[in-house]
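What follows is a set of notes on a single structure, which appears directly below.
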Amino acid sequence: MTVRGWMVAALVIAGVLLAPLPFAPRLAQLDLTFMKVDLLAFGGGYTTIPLIQREVVDRFGWVSTREFIDGIALGQITPGPIVITATFVGYKAGGLLGALLGTIAVFLPSCLVVTALAPHYDQIKRSRPVQLMLRGILAAFIGMLLVVAIHFGQVALVDWRTWALMGAAWVALWRKVDLLILVSVGAVLSVVLF
């Protein structure tokens, strides 16, 4: 398919995503929220966590902080990127249709951007202003991730057992223990401790 063909397909999909606007404002807001998150996320999936948390927990209240943490955990134990949390939030906010629309919305903008800019990748990659801009954006996201980590810690680290589990996980990650082993041991210890 040509770039023009991809752009036409993307516009049709965007039209479908925005069609609920007059009939189901919550679904339309869900679409717009996840498209905005996708457009603002630089540097990988984890940079979306503070953006999603700010919108779906703090701004709209579609899920609680605990539910958001659970959604991230579900996203981590299933195949696919962390932004699949949009499916969980979409389901909580709008049922099966919300899950479908949230999933499409969180991937559509980046697909459009990649499709449009792919022919110019080498030129963009060498651009000094773009390199400087990305350095600043990534530094800002590290600060946002730190704030979210503190916020999550206030909800999840409630007693000595949760602190011990977090500390053990940190040490295991520092020592480069395989994530599958870490998650499996964490699940077993959670059942035993809690």
Side-chain angles (χ1 to χ4, degrees), residues 1 3 5-118 121 124 130 133-134 136-152 155-156:
M1 188 182 287
V3 170
W6 279 107
M7 296 302 273
V8 168
L11 288 173
V12 168
I13 293 169
V16 169
L17 286 173
L18 296 176
L21 188 58
F23 311 106
R26 187 176 201 173
L27 291 177
Q29 190 62 55
L30 183 80
D31 289 344
L32 293 172
T33 297
F34 282 116
M35 285 191 274
K36 178 173 75 173
V37 164
D38 190 43
L39 282 172
L40 296 176
F42 288 85
Y46 290 103
T47 61
T48 63
I49 293 173
L51 297 170
I52 296 173
Q53 189 258 339
R54 179 78 165 171
E55 295 292 316
V56 306
V57 176
D58 300 339
R59 183 170 177 206
F60 294 110
W62 292 329
V63 295
S64 68
T65 300
R66 169 57 60 194
E67 290 172 320
F68 185 60
I69 293 170
D70 292 344
I72 291 170
L74 284 171
Q76 289 296 280
I77 62 172
T78 59
I82 188 81
V83 294
I84 207 67
T85 303
T87 306
F88 174 79
V89 172
Y91 180 79
K92 294 290 289 181
L96 289 175
L97 183 57
L100 177 65
L101 292 174
T103 304
I104 294 169
V106 82
F107 289 107
L108 181 64
S110 57
C111 287
L112 292 175
V113 169
V114 167
T115 301
L117 297 180
Y121 174 75
I124 293 168
V130 169
M133 177 189 70
L134 289 176
I137 288 171
L138 292 175
F141 274 116
I142 290 170
M144 291 169 58
L145 283 171
L146 181 59
V147 169
V148 169
I150 291 167
H151 186 73
F152 284 3
V155 172

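Once rounded to the nearest 0.5 Å, the distance linking NZ of K92 with OG1 of T85 reads 14.0 Å. Distance check, rounded to the nearest 0.5 Å: CZ of F88 to CG of D70 gives 6.0 Å. To the nearest 0.5 Å, the span separating CD on Q53 from CD1 on I72 amounts to 8.0 Å. How far CD1 of I52 is from CG of D58: 12.5 Å, rounded to the nearest 0.5 Å.
With E67 contributing its side chain and S64 its backbone, the two residues share a donor-acceptor pair below 3.5 Å.
The closest side-chain heavy-atom distance from L30 to R26 is not below 4.5 Å. Using a 4.5 Å cut-off on side-chain heavy atoms (C-beta onward), R54 and R59 make no contact.
Scanning for ring pair (Phe, Tyr, Trp, His ring centres under 6.0 Å) contacts around F68 gives F152, with sequence neighbours left out.
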Give every donor-acceptor pair under 3.5 Å between a side-chain atom in residues 93-112 and any protein atom, sequence neighbours left out.
| from | atom 1 | to | atom 2 | distance (Å) |
| --- | --- | --- | --- | --- |
| T103 | OG1 | T87 | OG1 | 2.4 |
| T103 | OG1 | A99 | O | 2.7 |
| S110 | OG | D38 | OD1 | 3.4 |
| S110 | OG | D38 | OD2 | 3.0 |
| S110 | OG | F107 | O | 3.1 |

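Enclosure of atom OH in Y91 is not indicated, since only 12 or fewer non-hydrogen atoms of other residues, nucleotides or ligands lie within 6.0 angstrom.
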Candidate pair W62 and V57, rule side-chain contact (heavy atoms from CB on, under 4.5 Å), full reasoning: CA-CA 6 Å; W62 292 329; V57 176; over 6 Å; no
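Contact between T33 and E55 at its shortest, heavy atoms only, is CG2-CB, 3.5 Å.
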